[in-house]
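I have placed the structure first, in the form of structure tokens, so that the comments after it can refer back to it.
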Amino acid sequence: MVELAAKQGVRPTDPSVQASPLAIRGLTVSYNQKPAVFSVDMTVQLGSMTAIIGPNGAGKSTLLKAALGIVRPVSGQVTVFGRPLEKQRARIAYVPQRASVDWDFPTRVIDVVLMGLSRELGLLGRVRMRHIAKAMDCLNRVGMHDFADRQIGQLSGGQQQRVFLARALAQDADLYLLDEPFAGVDAATEKAIIAVLKSLKQAGKTVVAVHHDLATVTDYFDHVFLINTRKLAAGPVDEAFTAETLQATYGGRLATAQIDQIAGALG
Amino acid sequence: MSGEEFVPLSLTPLLIGICAAVACALPGNFLLLRRQALIGDAISHVVLPGIVVAFLLTGVISTWPMMLGAAGAAAVAVILIEAIRRLGRIEPGAAMGVVFTTMFAAGVLLLEQTDTSSVHLDVEHALYGNLESLIWLDATGWASLLDPKALAGLPPELPRIAVTLLAVALFIGLFWRPLKISTFDEGFARTIGIRTGALGLALVLVAAISAVAAFDAVGSIIVIAMFICPPAAARMMTNRLEAQIGWSVLFAVLSAVIGYVLAGYGPLWLGWADAVSAAGMIATVSGVILVLAAAFGPCRGRAGAPGTG
């Protein structure tokens, strides 16, 4: 394992990289020669709930996608639980942005959740009762078991988001990466999702989510990662989520009053 | 109609029409859902110059040079579309439209400048194919289906399109799960280790093989219609991809059978002297089925439309 890490250009002596569910070093991603993410290092703590925070276009989603190998970085290394990403796919679950897929696709809720069992099913394996039962259990955990036979286009935005989360639960992963899981969802869904994420944390899993609502950061997460193309701050919420770091991340885009309000809430 | 008449004259064109229709409709389902349905259109147009160039180089109408020419033209088209898209910074649909009309026009010009009078190669043939002429003269009745001597005289288009259909069905059956997942959610598909780029390319290649094989037998009109009409009509009959595939196959077969029969006998029933083009009629029937599905299909409503909540 040490050798593998060395090949990846990660210092093998760094214990934080070895133990980290997700360690990123020197990551740069660019679209049309313009860097979206520039030279970013990130080390996610085992068992933490980390919010990736930053203004629109700051590279939050891109960082997540590069960590997952969905977009190809210009440079940088990603290790997952100390090993290269490709060898650890089974330990990662990903919840994309809800708007990234066509919900008119001809399929039912249960079929989407079964997609999370693809590794288990293989190329031609038959879907058996135990797979259905597992998928139903995952739907139950997000409160969507009554909707199993619905066409996915017939769901509300919040319900669609919960189905995506159920698919991730079916993957039985150790590291969950979510892209804006609370974007455009109703209050009931937000509550259901955060309850599931907290139960994952209690089970020793690691959760990383792109998050846009600064007001709920302290309630939902224990770690933050502030990014605006470059990494601005990272660490436990009470250390890294401060008026100064927010000012540095958002610049003039965040009204000073708003920062004061959040800083006040932080006590 | 008796077997003596039906088997030699109508059985093979009908089977070829059915196989060609289904071979195009199957990949068409995925192309449609991926918003790439125009690719079938593009491929069936660009094969014309490829076939003409192959004829010019070899001087004969024979299958393999024509197939290679068609495949070469398809490859040139894909490269051109990509180049125009990147250099011109325009959307892929527009780049596709520019490339396939230009290449088809070039094929027509090339054909006109070439002396093809001695062989059966002209624009009409390219568009409508020659389904009616794919008869089985060695057959004398249903018994010929078991007669090796008569079977040797089958038009070669039939085994060719049948093998193509089998290959297409195998590809979709084997890669059903990754095809479905990557069509629905490409990002997620990559995170579970599906090589979405290679799979997407393979799908387009399979569609190209169907298009070229079907074009050879039935012309481009059917190819264009079958990539889009049966899958689009099928989508309005069901909300499940598995069922959609089944409906699309049914609609493709119905189009081929009804179209062939109407083309051969419809005008006679109306008191006209001549039959009309089978390929044209098959494509028309598929269009009528699409209209009917759009008007009466149970799953016409889309996300956000009234009555779907």
Side-chain angles (χ1 to χ4, degrees), chain A residues 32 61 64-65 67-72 85-90 92-98 100-112 114-127 149-157 159-160 164 167-168 170-171 173 175 177 179, chain B residues 29-30 32-36 85-86 89 170-197 199 231-248 297-309:
Chain A
N32 298 324
S61 291
L64 213 56
K65 285 179 181 163
L68 286 155
I70 296 173
V71 298
R72 194 187 293 268
L85 170 71
E86 286 303 327
K87 300 197 186 292
Q88 301 280 48
R89 289 250 179 244
I92 308 175
Y94 169 53
V95 179
Q97 272 184 31
R98 188 165 51 82
S100 68
V101 307
D102 174 15
W103 289 93
D104 191 33
F105 192 84
T107 198
R108 297 170 308 171
V109 166
I110 186 88
D111 297 320
V112 173
L114 284 168
M115 288 179 190
L117 296 172
S118 298
R119 286 193 155 265
E120 208 176 314
L121 287 164
L123 202 55
L124 296 169
R126 270 189 48 207
V127 175
D149 285 327
R150 287 278 188 96
Q151 203 266 327
I152 52 172
Q154 297 170 353
L155 306 177
S156 72
Q159 290 169 332
Q160 290 170 348
F164 259 9
R167 178 177 71 180
Q171 290 181 273
L175 170 63
L177 302 177
D179 199 345
Chain B
N29 280 292
F30 288 99
L32 192 77
L33 291 170
R34 288 166 174 245
R35 314 234 183 281
Q36 291 181 328
R85 195 177 65 81
R86 290 199 185 166
R89 288 166 193 265
L170 265 178
F171 169 77
I172 290 179
L174 199 59
F175 293 103
W176 172 259
R177 207 161 270 152
L179 271 174
K180 181 178 171 179
I181 294 174
S182 64
T183 301
F184 171 58
D185 189 345
E186 194 178 355
F188 174 79
R190 281 205 209 169
T191 65
I192 60 172
I194 294 173
R195 297 176 59 185
T196 54
L199 191 65
R235 177 66 189 89
M236 297 191 238
M237 301 303 293
T238 173
N239 274 329
R240 292 196 64 192
L241 186 57
E242 291 79 3
Q244 181 187 321
I245 302 284
W247 279 105
S248 74
C299 300
R300 304 181 323 276
R302 287 290 169 268
T308 59

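Residue numbers begin at 1 in each chain, while the letters A, B, ... track the order of the sequences. These figures come from a predicted structure and were not determined experimentally.
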Which residue out of Val71(A), Ile92(A), Val95(A), Asp111(A) racks up the most heavy-atom pairs below 4.5 Å with chain B?
Asp111(A)

Can you tell me which of Leu155(A), Leu123(A), Leu177(A), Leu85(A) forms the most heavy-atom pairs within a distance under 4.5 Å of chain B?
Leu123(A)

So does [Y] get a backbone contact from the side chain of [X], meaning a donor-acceptor N/O pair under 3.5 Å?
X	Y	result
Arg177(B)	Gly125(A)	yes
Arg190(B)	Gly193(B)	no
Trp103(A)	Arg98(A)	yes

Would you check, one step at a time, whether the test side-chain contact (heavy atoms from CB on, under 4.5 Å) holds for Ile110(A) with Leu114(A)?
CA-CA 6 Å; Ile110(A) 186 88; Leu114(A) 284 168; 4.2 Å; yes

In terms of side-chain heavy atoms, does Arg34(B) have a donor or acceptor partner in Ser182(B) at a distance below 3.5 Å?
yes

Heavy-atom cut-off 4.5 Å, strictly under: side chain, backbone, both or neither for [X] against chain B?
X	result
Glu86(A)	neither
Val112(A)	side chain
Leu121(A)	both

What I'd like to find out is whether the side chain of Asp185(B) reaches to under 4.5 Å of the side chain of Phe105(A), using heavy atoms alone.
no

Name the region of Thr196(B), side chain, backbone, both or neither, that has any atom closer than 4.5 Å to a heavy atom of chain A.
neither

Checking heavy atoms, do the side chain of Leu174(B), its backbone, both or neither come under 4.5 Å from chain A?
both

